[in-house]
Amino acid sequence: MRTQKISFIVSAFAAILLLALISSARVGPAYAIVNCKIVPVSGPPVANGVIIIRDGLIESLGTQDKVVIPEDAEVIKADGLHAYPGLIDAHTNFFIEPPKEEPGQRATAAVAAQPEEKNWAQDASLMAFDLLKPKKTVVDSLHMVGITTILVAAEKGIYAGQSVLLNVNGEKAEAMVIKNPVALHINFTTERGRYPSSLMGTMAFLRQSFLDTSHYSTHKSLFSSSSRGLKRPEYDPYLEALYPFAVEKRPVFFNCANLEDIKRASRLIKEFKLNSFLTGANEAWRVADLVKELNVPLLVSLDFKPPFTSIYVNQGEEMKKKAEEEIYPANAAHLHDQKVRFALTSLGLNKPSDMVKNIQKAIKAGLPREEALKAMTIVPAQLLGVGDILGSLEPGKIANIILTSGEIFDEKTKVERVFVDGISFKVKQPPKKAQPTTLDLTGKWKAAISGPMGELEVNLDIQQEVNAISGKISSDMGQWDITDGVLSGKELSFTISATIMDETIELTFNGTAEQDSIEGTISFEGGSAELKATRIPERSS
Amino acid sequence: MTRKTLTFFTVVVFCFSFGLSLDKSPNVIAIKGAKIIPVVGEDIEQGTILIKDGKIEDIGQNVSIPQDAEVYDAQGLIAYPGMIDSYCYLGLQEISAVSATVDSRETGQFNPQVKAVEALWPDSMHIPITMSNGITTAVVVCTGGLISGQVGMIRLAGWTPEEMVIRNSVAMHIQFPSVPRIRRRESQPQEQTSKQIEELKELLNEVRYYQKRKQAAQKNSNLPLPGFDEKLEFLIPVVNGKLPVLISVYADKDIRAAIQFVKDEKLKAIFFGVTDGWKVAEEIKKSGIPVVFGSLYAMPSEWDNGYDAIYRNPGVLAKAGVKFSFSSQSASLAKDLPYHAAKAAAFGLDKKEALKGVTIYPAQIFGVDDSLGSLEKGKAANIVLADGDILELSTNIKRVFIDGKEMDLSNRYTQLLEKYKKR
Amino acid sequence: MNRKIISLIVCLNLAVFSGISSGQDLLIKNGTVLTVTQGTILNGDVLILNGIIEKIGKDLKAPEGIKIVDAAGKYVMPGIIDSHTHIALSGTNETGDAITPEVNMRDVLHAESPSIYTALSGGVTMVHTMHGSGNPIGGENIVLKMKWGKTSEEMIVPQAYRTLKFALGENPKRASSFTIGTPRYPQSRMGVNAIIRREFLKAKNYMEQWDRYLKAKKSKKAAKNIVPPRKDLQMEQLADMIRGKMVARCHSYRADETLEFIKLSKEFGFKIACFEHVSEAFKITKELVEEGVGISIFLDSWAYKVEASEGIAYNAAYCTKKGVLVSINSDSGERIRRLFNDAAKSMKYGGLSADEALKLITINPAIQLGVEKIAGSLEVGKHGDVAIFNEHPLSAYTACQMTVVEGEIYFDRAQYLKEREEMEKKKKEEEKKKGEKK
């Protein structure tokens, strides 16, 4: 009897899943967005505009009297809405699940203090694409702030591997890729317990690895042009991975956490004639002359936390606060004044919603709104070499479009709808502010989920921190994460990311909680089920 | 390391044992012609100090010198009382990085039973070096845990610990619970601190009850005698206010808490460290608790304090009327005691007060001002003859008397120097 | 707090927008001028134009509009130079390897470190900031001027020697003791010596490989596909040592290891600029004088470890009198602000004169760093790096009042006190207001 129930549920979930897969794979439909204010970025705004989307691309756009609405198009009334190109976040670590550290690695690293073999360039070949684990919650949070395109790089390591440019059009990595690889990412960081253990060591290490790559390349090209009498170069996978960047001058991104990092990058760029981008760079304004002289693309982070090296950090709390609230937000404005071209990114911020808050701060600090918009649309598109297909609303470009309730980056403006690759997405609205609660749900819970297909027994392990709820849900079908939970007074909501047959689907719970009981509805695309849970008393030991 | 250490010690023990008085010091000595700075009272130009039986028999401009007196001509020199280091590790630490030579720290949280003077190594090379810079008395300190143990007072002369010890125990050293600077912003450590203070208070309450039961049992043999408890036993003089607590405390917040603690527990207290004292000078003054400053060779804990916070701290507290003294907080650089005082003088402390901070004030704070800390009739003849201001860096100490005996000023510095001069 | 923010922002803006500073004009008047190398001038003036000392003397006429500092009753001395420290750096030791000449302190300058301000508050205008002593062969060091608020580039002193850090004895021996597993080679003084020799032998071989390659390439008979040797940054540095383009600064405590290193320098023909710490230098003054090698030492910090347990306070004065070039260093972000106190102790321990004592922290370190033509004394033509004290700098009662680098005032105690007073006043008023509200 029980087995039967389970199989019911499994097949129900599987069916939903299948539907989702089909929808993302089919040919994109045609849409006509009518009666919106179009802000194409590449040209002047158009009032009462129409945008025609077909099969993922912008077919045409213009004023209502000039654009004919195709018969097969689904008409979307956008009265009072603004249409912008989807925002591009040119440096993020979203969707990345870092490779697990092999046990004992650190210990052996310490032993290898006298390095026989340096496995230094190992991560230069690391592809961010291989680490992608797209999650619906992240997709939603990006759409919520209007981001439709992201550059994703792994976070850690001196060589942090190679990044990928994605259109946030769902949860299937392959379907999302615009460009792969984009660039080699370099962090001014150190190794733990082995060389290079210091920043100066990292600099020497980077220099030596570029030198070695160039030597390797010389040897190889000499060998290929005239191999007689010459010992063949030993194949070196590490140097092979660096070759496109050190020799063929494919782009290298230097992550610059402070102004000295910018100087360090500039030295390497000059010494090895690299084709480079500076990212992070939240102290770029302090070395504006150098940045101008370097004339390399700048991907400026909206993270306003002053770096720990900053003169503002070591002079008391008051100064530090002022730096974060007033001084660092002016970075972009200063750069604009100095006529430095830059894109804005969310690197270093915890969540996309912080990005919008910080753009508002940057605008308040003097960055013109239209420049902020360009810095998140056409500028990154051009810098990343995709200016022909992204970054503005023009016929023939990819249909990455956001519809907003008002002028973009306004405090009250909400993103109402998002098109990515011409696929329409409803936008989740940001959660309401949680009310204080007297409950503490932390602990183990037993629950039953009953729906039209039958009943499923599950166990919940809930963690509560103030209003935030997280945890795990486990059943015969596996163990899944509880995320994005909020307990507001007695109102409880959370999301379950369930992985079934290697695919992830999102279930949302809404209900009420008491100290020892929870009741409510789990909803998913295509159905819903009731959840009732009771606390498993802790054994007093 | 052990073997190296042993070899090292052999060398030290066999080659360099000083810190001793010259053998044939006469019984009656007259130091004549020096400018005398008694610290208490007016300076005396061209004065005479008469020493008899290790004590100052007479002092002044018109002192009659007995026939049997050995007369030292001290023309051009200045006579000072021997200086007192209020907090040091002399005899307890030889080479700080070699744990085998470090005996100033016991393991565990509560060690009221240990006494610093019981680990005293009379042959420490640091003692003669310190003494030959005019320091004749030192408070030797144990550290670690919450209750570190008993600190004692020594003279920098003598062959055995017994000959050196002035007081076995002048205070019980308590490390006042505090939040480490780097963790101050977290909420947890603050709670932990209050918890530790509560623990201390509970312990002292236990001591009181233990004492009560003991006394009761002694009066009335029908009552059970409480079992011996080492920790409680050695804290009895503390709760009775007979033995002061030396409380190491630094930040303003902690100083306030420590003042309250002392008040609540009705203890006799001395503070040590008090680097943020200038922020709470009035409160310290009101509490009546004297302060021993640690080494001034330190940086302010926060930028907002100003770069000179450590340097000006003594001046600010002195101005508020707090009784204070200086310390070296060292063994290998205990000789630098006068320069800590001078540094405070460079940043606002009156020069005469600075001198008192290494002489009469520490004597008062540790309750030995009846015999030490100034050049006065009847006090111990701890006398330093210098060719200049005793707090000055370039001043040379010419002669040192401890308890009326002239000291041999040769030390490991001079001995090694002489050895290699021969090369 | 506000004053700090304001002055800081002003100074940072200057740093950003003024580019490389070319020095400023300043006239210091009526001070007791301790030139260190050319005697003392009572009621003397020092005129600095464009950062360079233009004139020293009495009653100098002030050019129009020039900033004047009244030093009446005060002592004017050359800016103090710290020959050995680790301030203003992001990282000190590359612990990942025992041999790291390829690392360079220039790459990790931390120009915003408050330690620069601390140095200024003790009259220090120039420092040699170094790789740590964890490795037998450490990294390349750098000489900086303490231009607080300026960029790292503006602080670098290009005239100074290029120096490479070496370390002997306990530190390199125990450098790996905290890591897990097999201890790092070397673990003994013989190992330290052997590993340094090994690296220089490697470097000589490396140089020859390159010589042969270049020669072969020039030759008409050379094969077309001849492959150049691998460029090795470690070897390049050591080759520069052998070529005399860089000099050694060697951390050593014991006399014997110091002598061994001198032997190594002779074996490979590199130059030693200076030994660091050398507690036992007084035992080998003969050899140090013969080799013309200076020492950079603590005045009396000692006995913190076994190899430092014979570091007597007479070391500086005794070696000076024997003809060794001695400087007193801080090796610490705290001691750096009282180097003048340490110098004064050399008068007591060994009887140096006041001028000789001052040389230990001015001209002597300047010579050791190769900057004696621009710094280390008050002489016409040298940089206007000046420290002003209220009492004689060798008095225990002195406090640094002003520190000037290239004619620009970077530390001003009077100004500091004024601002502090204003701040305290403001704070009190605020507290009052708060009290009234309640």
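Just so you know, these numbers come straight off a predicted model, no measurement behind them. Hydrogens, waters and symmetry mates are skipped; everything else that's a heavy atom, side chains included, is used. Letters A, B, ... mirror the listed sequences (proteins, then strands); counts begin at 1.
- Here A:Asn282 pairs with nothing under the side-chain hydrogen bond (donor to acceptor under 3.5 Å, both in side chains) rule; sequence neighbours left out.
- Only the backbone of C:Thr92 comes within less than 4.5 Å of a heavy atom of chain A; no side-chain atom from C-beta onward does.
- Shown here are the ring-ring contact (aromatic ring centres under 6.0 Å, His included) partners of A:Tyr328, two or more places apart in sequence or in another chain: A:Trp285, A:Tyr312.
- Looking at C:Lys231, both its backbone and its side chain come within 4.5 Å of chain A, counting heavy atoms on both sides.
- Of the atoms belonging to A:Thr218, it is side-chain heavy atoms, and not backbone ones, that fall under 4.5 Å from chain C.
- Environment of CD in A:Glu234: sparse, with no more than 12 heavy atoms of neighbouring residues, nucleotides or ligands closer than 6.0 Å.
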Handout entry: Test side chain to side chain donor-acceptor pair (under 3.5 Å) applied to A:Ser197 and C:Thr95, step by step
Key = CA-CA 6 Å; A:Ser197 70; C:Thr95 55; 2.9 Å; yes
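- The existence of a salt bridge linking C:Arg162 and C:Asp240 is confirmed by a sub-4.0 Å separation between a basic side-chain nitrogen and an acidic carboxylate oxygen.
- At a 4.5 Å heavy-atom cutoff, the contact between C:Ile226 and chain A is made by backbone atoms alone.
- For a residue to count as touching a neighbouring chain, one of its non-hydrogen atoms must lie under 4.5 Å from one of that chain's; by this rule A:Arg228 touches chain C with the backbone only.
- Using a 4.0 Å cut-off between charged side-chain N and carboxylate O, C:Glu140 and C:Arg106 make no salt bridge.
- Interface remark: C:Asp232 contributes backbone and side-chain atoms alike to the contact with chain A (heavy atom separation under 4.5 Å).
- At a 4.5 Å heavy-atom cutoff, A:Ser214 makes no contact with chain C through either its backbone or its side chain.
- Heavy-atom pairs under 4.5 Å with chain A were tallied for C:Val108, C:Ile99, C:Leu109; the largest tally goes to C:Val108.
- Of the two parts of A:Arg207, the backbone and the side chain both hold a non-hydrogen atom closer than 4.5 Å to a non-hydrogen atom of chain C.
- The part of A:Leu211 that comes within reach of chain C is its side chain, from C-beta onward, which places non-hydrogen atoms under 4.5 angstrom from that chain.
- Interface remark: of the candidates C:Pro114, C:Gly91, C:Ser90, C:Ser152, C:Ser152 forms the most heavy-atom pairs closer than 4.5 Å to chain A.
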Exercise for the section: Report the C-alpha distance between C:Glu236 and C:Tyr206 in whole Å, list the side-chain angles of each, state the deciding distance to 0.1 Å, and finish with yes or no for side chain to side chain donor-acceptor pair (under 3.5 Å). Expected result: CA-CA 9 Å; C:Glu236 290 288 332; C:Tyr206 176 81; 2.6 Å; yes
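- Salt-bridge check for C:Glu422 with C:Lys425: failed, with every basic side-chain N at 4.0 Å or more from each acidic carboxylate O.
- With a 4.5 Å cut-off on non-hydrogen atoms, A:Lys263 touches chain C through its side chain but not through its backbone.
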